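We're numbering straight along the sequence, starting at 1. Note that this is a predicted model, so its numbers are computed, not measured.
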Amino acid sequence: MEHHLWSFNCRHPDQPTSVRAAKELDVSLETYAALIAVYRSAGEEGLTDEEAAERSQIVSRCPWKRCNELRSAGIIRQTERTRVASSGRRRMVCVIA
């Protein structure tokens, strides 16, 4: 099943107006692009969702949800590695798929 990033901004089945609004949501597309760029720049070292949020400077736009959507779309993938986050808990490290 092919995923389009805009499809994460609406549910299936949703009203046609909701689908149209999701396709027109530029803020999320900028957010996805910023996250993809920082994951690319990290290379095989990868990033946790928290690290990606900090590096992309999109903390106010739900970056953890956006990272999960990128994983669901197959754009980034989870590695077997983890790192300690600011919470003190270990978090998964992801890289560009």
Name every donor-acceptor pair, under 3.5 Å, that has one atom in a side chain of residues 85-97 and the other anywhere in the protein, sequence neighbours excluded.
{"residue": "S86", "atom": "OG", "partner": "E50", "partner atom": "OE2", "Å": "2.4"}
{"residue": "S87", "atom": "OG", "partner": "R89", "partner atom": "N", "Å": "3.2"}
{"residue": "R90", "atom": "NE", "partner": "T82", "partner atom": "OG1", "Å": "2.8"}
{"residue": "R90", "atom": "NH2", "partner": "T82", "partner atom": "O", "Å": "3.0"}
{"residue": "R90", "atom": "NH2", "partner": "T82", "partner atom": "OG1", "Å": "3.2"}

Sequence neighbours left out, cut at 3.5 Å: what donor-acceptor pairs do the side chains of residues 36-46 make with other protein atoms?
{"residue": "Y39", "atom": "OH", "partner": "D49", "partner atom": "OD1", "Å": "3.4"}
{"residue": "S41", "atom": "OG", "partner": "V38", "partner atom": "O", "Å": "2.9"}

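- Between the side chain of E54 and the backbone N or O of E51, no donor-acceptor pair lies under 3.5 Å.
- Shortest non-hydrogen contact noted between L35 and A53 is CD2-N, 4.4 Å.
- Contacts of R81 classified as side-chain hydrogen bond (donor to acceptor under 3.5 Å, both in side chains), with partners at least two apart in sequence or in another chain: none.
- Distance check, rounded to the nearest 0.5 Å: SG of C67 to OH of Y32 gives 10.5 Å.
- Contact between A34 and I58 at its shortest, heavy atoms only, is CB-CG2, 4.3 Å.
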